[in-house]
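Take a look at the structure set out below.
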Amino acid sequence: MAYSSITGVIDLFKNPIFIFASIAFWVNQYLEKSLGIFIPFYHAYGDDLMAMPVVFGLCLQVMRWMHPAGSQLIVSRKQIIIGLAYFSVVFEIALPLNSRTYTADPLDVLCYGLGTLVFLKFMNKPAPQSKKSQVL
């Protein structure tokens with residue numbers, strides 16, 4: 001693993017939005033699945049708000065490991081829109097049609113969108129040591 005890849009991993013795990021979103025998601029899962037505690041609003045929309053910063057953050061990190069631009073790489077808006085559309089279709093249309101475990105909720109799509117905007121504004125940036133970004 002190249003130095004820039006190691007630094008990139010450290011940068012992802014230092015990102016306060018990634019840290020907050022990841023911890024909020026896992027704490028909620030623990031409360032619900034292990035303790036049977038459900039916080040009504042968060043149960044309905046919290047994980048959906050946290051999903052995109054975590055998913056896009058992890059995707060960005062993996063792409064940085066593979067791409068020669070390394071920590072300078074950012075995700076294009078087109079890729080982000082495709083990812084948002086994919087997530088929305090899978091979790092709000094396909095899965096609810098094929099499983100009783102999932103329910104379709106248009107407000108979930110709004111939450112995915114808000115999480116995506118957070119990723120775009122605060123996370124989809126070259127790592128601090130990089131001077132110039134390169135869009136994939």
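Between the CH2 atom in W65 and the CG atom in L73 there is a gap of 13.5 Å [rounded to 0.5 Å]. Here CZ of F119 is found 9.5 Å from CG of N15. Values are rounded to the nearest 0.5 Å. Here CG of L60 is found 10.0 Å from CD of Q79. Values are rounded to the nearest 0.5 Å. To the nearest 0.5 Å, atoms CG (N124) and OG (S76) are separated by 8.5 Å.
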Apply side chain to side chain contact (heavy atoms under 4.5 Å, CB included) to I37 and E32, showing your working. CA-CA 5 Å; I37 298 171; E32 290 182 0; over 6 Å; no

Applying side chain to side chain contact (heavy atoms under 4.5 Å, CB included) to L107 and L110, what does each step give before you reach the verdict? CA-CA 5 Å; L107 290 178; L110 177 65; 4.1 Å; yes

- Hey, mind stepping through L120 and R77 against side chain to side chain contact (heavy atoms under 4.5 Å, CB included) and telling me if it holds? CA-CA 8 Å; L120 271 169; R77 289 189 186 272; 3.6 Å; yes

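Under the 3.5 Å distance criterion, the side-chain polar atoms of S99 are left unmatched by any main-chain donor or acceptor of L95.
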If you look only at distance, which donor and acceptor atoms sit under 3.5 Å apart when one is on a side chain in residues 44-55 and the other is two or more places apart or in another chain?
| from | atom 1 | to | atom 2 | distance (Å) |
| --- | --- | --- | --- | --- |
| Y45 | OH | D105 | OD2 | 3.0 |
| D47 | OD1 | N28 | ND2 | 3.3 |
| D47 | OD2 | N28 | ND2 | 3.1 |
| D47 | OD2 | Q29 | NE2 | 2.6 |

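Heavy-atom contacts from other residues, nucleotides or ligands closer than 6.0 Å to CZ of F38 number more than 12.
What you find for V109 and S88 is that their closest heavy atoms are CG1-OG, 3.7 Å.
In this structure, the side chains of I80 and F56 come closer than 4.5 Å at one or more pairs of heavy atoms. Within the 4.5 Å cutoff, the side chain of C59 has no heavy atoms near those of the V75 side chain.
Here ring pair (Phe, Tyr, Trp, His ring centres under 6.0 Å) pairs that include residues 94-115, with residues two or more places apart or in two chains, are F87-Y112.
Both V27 and Y30 are members of a single hydrophobic cluster when ILVMFWY side chains are connected at heavy-atom separations under 4.5 Å. Residue L117 is not grouped with residue I82 when hydrophobic side chains (ILVMFWY) are merged at heavy-atom distances under 4.5 angstrom, including chains of intermediate members.
W26 belongs to a hydrophobic cluster with F25, counting contacts under 4.5 Å between side-chain heavy atoms of Ile, Leu, Val, Met, Phe, Trp and Tyr, direct or through other members.
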